[in-house]
2 protein chains.
Amino acid sequence: MTPTFQHTTPRQASRRRARIDRVLEPELLRALGEPTRARLLSCLLKCGRPCSVTEIAACCSIDFSMVARHLGTLARAGVLTCEKRGRTVWYAADAASLSATFRDLADAIDELGAAGGCCGPAAPDKTTT
Amino acid sequence: MTPTFQHTTPRQASRRRARIDRVLEPELLRALGEPTRARLLSCLLKCGRPCSVTEIAACCSIDFSMVARHLGTLARAGVLTCEKRGRTVWYAADAASLSATFRDLADAIDELGAAGGCCGPAAPDKTTT
DNA sequence: GCAATACTTGCGTCATGACGCCAACGTTCC
DNA sequence: GGAACGTTGGCGTCATGACGCAAGTATTGC
């Protein structure tokens with residue numbers, strides 16, 4: 001558990017601190033933090049192929065309009081891609097991009113190490129005398 | 001973009017499908033999907049050391065009780081560890097475990113490949129005649 | 001014991017979002 | 001053109017949760 005990034009320049013540390021804020025963007029996480037949406041995403045991931053709104057609604061026994069709305073939210077969060085063909089909209093989970101996002105997030109956290117204080121260099125620790 | 005897991009046994013595919021549901025557990029994602037909580041976590045990650053509630057509240061200019069509540073939520077989601085020493089509670093971001101979680105998530109998605117249908121094997125594709 | 005510190009928790013208010021119904025829109029087939 | 005289909009969007013209802021205040025609890029120092 002020894003921190004790997006101990007001796008770094010302030011510039012590097014600053015860049016890492018900026019990165020973690022960029023990568024912790026709540027829009028994606030919030031989109032995924034809703035059980036219904038997680039279910040829909042899971043369904044699409046398992047499917048491995050584009051699905052229509054009707055199809056998913058039938059598969060998951062969820063109301064039509066809800067599915068459309070949730071899929072829209074997921075698409076706006078960059079989790080899904082949608083393509084309209086005829087009168088049908090095909091939603092597909094971009095698995096590669098999604099896993100890359102999470103890996104990026106993990107990397108950002110790892111690389112942060114102890115990039116330097118947000119709340120100051122060290123605790124005064126008044127309580128443990 | 002050729003799927004790597006094409007020829008797998010049904011048993012393996014089934015395990016992968018179960019894994020993605022386990023790993024997409026919304027509690028963690030929901031906890032992180034709240035902007036204020038994301039800010040607090042970011043602060044703690046940057047700090048790289050345990051911080052008290054007061055400290056973080058002062059650092060982020062957020063109401064005391066809110067910080068305490070949010071940190072509690074994050075701790076319950078497994079994102080933070082808390083240790084009470086005297087009258088002070090020290091919250092710390094478990095960076096290693098958090099990044100591991102995200103990496104696991106990424107792995108589960110990658111490994112899923114086309115693990116086999118949720119909505120059936122293939123689309124009838126009635127629209128594109 | 002009493003005051004100060006550090007945190008927790010209860011309460012009311014408010015904003016956000018999920019949900020389900022139904023109407024509206026665009027597209028396809030006849 | 002009209003009907004059927006697939007999706008989107010508006011509306012009202014409801015549940016959840018964030019927010020801030022203030023009272024309550026635990027711990028420390030006097």
Side-chain angles (χ1 to χ4, degrees), chain A residues 26-41 43-44 49-77 79-92 119-120 123-129, chain B residues 26-44 50-77 79-92 119-120 123-129:
Chain A
E27 195 191 353
L28 169 80
L29 297 163
R30 176 192 294 233
L32 266 51
E34 211 280 322
T36 309
R37 274 197 292 270
R39 233 175 99 202
L40 296 175
L41 174 63
C43 173
L44 270 165
R49 62 171 179 82
C51 296
S52 69
V53 175
T54 314
E55 220 173 354
I56 302 177
C59 172
C60 300
S61 315
I62 301 176
D63 178 72
F64 256 61
S65 61
M66 282 318 307
V67 173
R69 237 184 289 261
H70 279 313
L71 292 183
T73 303
L74 287 169
R76 247 174 288 116
V79 180
L80 303 181
T81 59
C82 65
E83 185 200 355
K84 182 160 187 171
R85 255 189 300 160
R87 56 189 168 192
T88 309
V89 177
W90 299 95
Y91 281 96
C119 305
D125 207 356
K126 285 171 292 187
T127 49
T128 16
T129 336
Chain B
E27 196 192 353
L28 169 81
L29 296 164
R30 177 194 291 235
L32 266 50
E34 211 280 321
T36 307
R37 275 197 291 271
R39 233 174 98 199
L40 295 176
L41 174 64
S42 164
C43 174
L44 270 165
C51 295
S52 69
V53 175
T54 315
E55 222 174 355
I56 302 176
C59 171
C60 299
S61 314
I62 300 176
D63 179 73
F64 222 56
S65 62
M66 283 319 308
V67 172
R69 238 185 285 261
H70 279 314
L71 291 182
T73 305
L74 287 169
R76 247 173 287 119
V79 181
L80 303 180
T81 60
C82 66
E83 185 199 355
K84 182 159 186 170
R85 257 190 298 161
R87 57 190 165 190
T88 308
V89 179
W90 299 96
Y91 281 97
C119 305
D125 208 353
K126 287 172 291 190
T127 49
T128 17
T129 334

Measure from the side-chain heavy atoms of [X] and tell me the nearest of [options].
X     : options                : value
A/V53 : D/dT8, C/dT8, D/dG17   : D/dT8
A/S65 : D/dG6, C/dC21, D/dC19  : C/dC21
A/V89 : C/dG26, D/dT7, D/dT16  : D/dT7
B/D63 : C/dG17, D/dT16, D/dG20 : D/dG20

How close or far is atom [atom2] of [N] from atom [atom1] of [X], stated in whole angstroms?
X     : N      : atom1 : atom2 : answer
A/W90 : D/dC5  : CH2   : P     : 16 Å
B/I56 : C/dT8  : CD1   : C1'   : 15 Å
B/E55 : C/dA6  : CD    : P     : 10 Å
A/R85 : C/dG26 : CZ    : C1'   : 17 Å
A/F64 : D/dC5  : CZ    : P     : 11 Å
B/R87 : D/dT28 : CZ    : C1'   : 4 Å
B/E34 : D/dT16 : CD    : P     : 17 Å

Measure the [atom1]-[atom2] distance between [X] and [Y] for me, rounded to the nearest 0.5 Å.
X     : Y     : atom1 : atom2 : answer
B/L29 : B/E34 : CG    : CD    : 14.0 Å
A/W90 : A/C82 : CH2   : SG    : 13.0 Å
B/R76 : B/L28 : CZ    : CG    : 13.5 Å
A/L32 : B/L32 : CG    : CG    : 11.0 Å

Just to verify, what does [X] make a side chain to side chain contact (heavy atoms under 4.5 Å, CB included) with, not counting sequence neighbours?
X     : answer
A/C60 : A/R39, A/L40, A/C43, A/I56, A/I62
A/A68 : A/V53
B/S65 : B/D63, B/R69
A/A75 : A/L80, A/Y91

Task: A/I62 or A/K84, whichever maps to the more 5' nucleotide of DNA chain C - done: A/I62
- [ ] Using a cut-off of strictly less than 4.0 Å, decide whether A/Y91 has a side-chain nitrogen or oxygen near OP1 or OP2 of D/dT8.
- [x] yes
- [ ] Check whether any side-chain nitrogen or oxygen of B/R30 sits under 4.0 Å from OP1 or OP2 of D/dG17, and answer yes or no.
- [x] yes
- [ ] Enumerate the residues from residues 66-74 of chain A whose closest heavy atom to DNA chain C is under 4.0 Å, giving them by residue number; use none for an empty result.
- [x] A/M66, A/R69, A/H70
Task: N/O donor-acceptor pair under 3.5 Å between B/R37 side chain and B/A31 backbone - done: yes
Open item on the list: Let's see if you get this right: which residues in residues 35-43 of chain B place a heavy atom under 4.0 Å from DNA chain D?
Closed with: B/T36, B/R37
